[in-house]
Amino acid sequence: MNFKVPRGTQDILPSESWKWQRAEAIIKNVCDVYRYKEIRTPIFEQTDLFQRLVGETTDVVQKEMYTFTDRGDRSMTLRPEGTAPVVRSYVEHKMFGYPDQPVKLFYTGPMFRYERQQAGRYRQFVQFGIEAIGSNDPAIDAEVIALAMDVYKKAGLTKLKLVINSLGDTECRRTHKEALIEHFKPHIDEFCSDCKDRLEKNPLRILDCKVDGDHPLIKSAPSLADYLNEESAAYFKEVTSYLEDMDIPYEIDANLVRGLDYYNHTAFEIMSTSEGFGAITTLCGGGRYNGLAEDIGGPSAPGIGFAMSIERLLLAMEAEEVSFEAEPDIDVYVVTLGDEAKRLGVKILGQLRASGIRADIDYTGRKMKAQMKSADRLKAKNVLVIGEEEVAKQVVVLRNMADRQQEEISTTELIQVVADRLTKEGR
Ligand code: ATP
Ligand code: MG
């Protein structure tokens, strides 16, 4: 039998997982600095939640969801995105009643979409996202964007482009929708079957079509910018002035619509402009969703957020040839010769670990020379050598691998000496 990981998924091996941990550490740190608190929601939800909030005419709902019937005959779906579950939780736990609004939340975890696999596109991927729910202040839109940019900057990325647009409010969306229908209707036969379906229900989706993206009618389509009412235009202007105050460069793209239906007002994407980056250049997407909480029976609670995948963050780092600095992962490697030395070695190993010192020993019965090679390969800062003579004298030889200096230390003083040495090195 020949088992493989399911298509579109990947094993993250130790040679890579440390980078994920670093990325996640940056994320947690930035969220902490901006006072966003972690929320963890289930991996699956009622299918209806996504159908209603993400939107019936989106690719995500139409083609990409992993939906199954559970043993109680309920339709469940592996979450394809994080905003709907977070808003569900916000309403369910009445977070709108918290004295401090907006409620600022972040999440990281696997999302599932049945997509065609390609570089940067997986069927299971890890999204980090934030949501600020309960404020209609354009300054929070700028904060959300700034947080996303900060994560990329902390990861060492510089080739970034922020693209922003306003989708307006319900009123502008309605008049724009009518104009779009009028624009596309006479030529709708030239479009894919999905677009035909979108025409009456949600013509804005045509602009985001992956099949017909290059059709000239998409470029000439009525631009949302011309349909923004005064209030929406003023809101957008404020968001962009805050960005300017924060020295965050942006480009306005009047055709930017996001892949999910719930957005209004601010919509944005952050792209990688690095040459080494593949066909997919979007690293992060987000926007405002003022009607979402109401759509599932909550009170009116305007929100804004974004999501980015760790996969694409790491790909962008590769493309820009920036990397996290690898740190040695072991402080002490214990090398022994003979049975008694092994016994003493294991005992000392336990003491080292109990003091929080990262230590390891050989478990494959290798010769001393091979054990020394392991220590080198693992980039151990220190090696403890124990032979018969050392056992007899109850001492060990401590070798500093950086300068190859070594000294004999009594077993009773050893832990303190190693701990002091590591503190001096700043660990
Ligand atoms: P795309 O246009 O690339 O399909 P999207 O509009 O579907 O993106 P969102 O739903 O807004 O993407 O998700 C936000 C972010 O999540 C994306 O910018 C990307 O970083 C990441 N992402 C989305 N789908 C995938 C996937 N299948 N594999 C890896 N990352 C993904
Ligand atoms: Mg997509």
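Numbering of ligands and ligand atoms starts at 1, following listing order. Here, residue 1 is the first one in the sequence, and each next residue gets the next number.
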S.K.: Of the side chain and backbone of Asp59, name the one, both, or neither that has a heavy atom under 4.0 Å from an atom of ligand 1.
M.R.: neither
S.K.: Check ligand 1 against Cys284 and write out every atom of the ligand that is under 4.0 Å from a heavy-atom position of the residue.
M.R.: 18 (O)
S.K.: For ligand 1, is Glu311 a contact, meaning one of its heavy atoms is under 4.0 Å away?
M.R.: no
S.K.: Find all atoms of ligand 1 within a distance of less than 4.0 Å from any non-hydrogen atom belonging to Gly120, and give their numbers and elements.
M.R.: 28 (N), 29 (C), 30 (N)
S.K.: Is there a salt bridge (Lys or Arg N to Asp or Glu O under 4.0 Å) between Glu275 and Lys159 once you walk through the steps?
M.R.: CA-CA 9 Å; Glu275 273 178 25; Lys159 295 178 180 158; over 6 Å; no
S.K.: Salt-bridge test for Asp403 and Lys381: reply yes if a basic N is under 4.0 Å from a carboxylate O, no otherwise.
M.R.: no
S.K.: Looking only at distances, can you tell me whether any N or O atom of Met308, backbone or side chain, sits closer than 3.5 Å to an N or O atom of ligand 1?
M.R.: no
S.K.: Have a look at ligand 1 and work out which part of Gln127, if any, has a heavy atom under 4.0 Å from it: side chain, backbone, both or neither.
M.R.: side chain
S.K.: Check ring pair (Phe, Tyr, Trp, His ring centres under 6.0 Å) between Phe44 and all other residues, then give those that pass, not counting sequence neighbours.
M.R.: none
S.K.: As a check for students: among Phe125, Tyr122, Phe112, identify the option with a heavy atom nearest to atom 22 (N) of ligand 1.
M.R.: Phe125
S.K.: Would you call Lys63 and Asp194 a salt bridge, taking side-chain N to carboxylate O under 4.0 Å as the test?
M.R.: yes
S.K.: Using atom types as modelled, flag every donor-acceptor pair under 3.5 Å from a side chain in residues 6-16 to any protein atom, sequence neighbours excluded.
M.R.:
from  : atom 1 : to    : atom 2 : distance (Å)
Thr9  : OG1    : Pro6  : O      : 2.6
Glu16 : OE1    : Lys19 : NZ     : 3.4
Glu16 : OE2    : Lys19 : NZ     : 3.2

S.K.: Using a 4.0 Å cut-off to any heavy atom of Gly285, which atoms of ligand 1 qualify?
M.R.: 18 (O)
S.K.: Using a strict threshold of under 4.0 Å (side-chain N to carboxylate O), is an ion pair present between Glu143 and Lys104?
M.R.: yes
S.K.: Do the charged groups of Asp329 and Arg358 touch, with an N to O distance under 4.0 Å?
M.R.: no
S.K.: Evaluating non-hydrogen atoms only, which member of Glu269, Glu81, Met271, Arg113 is closest to atom 12 (O) of ligand 1?
M.R.: Arg113
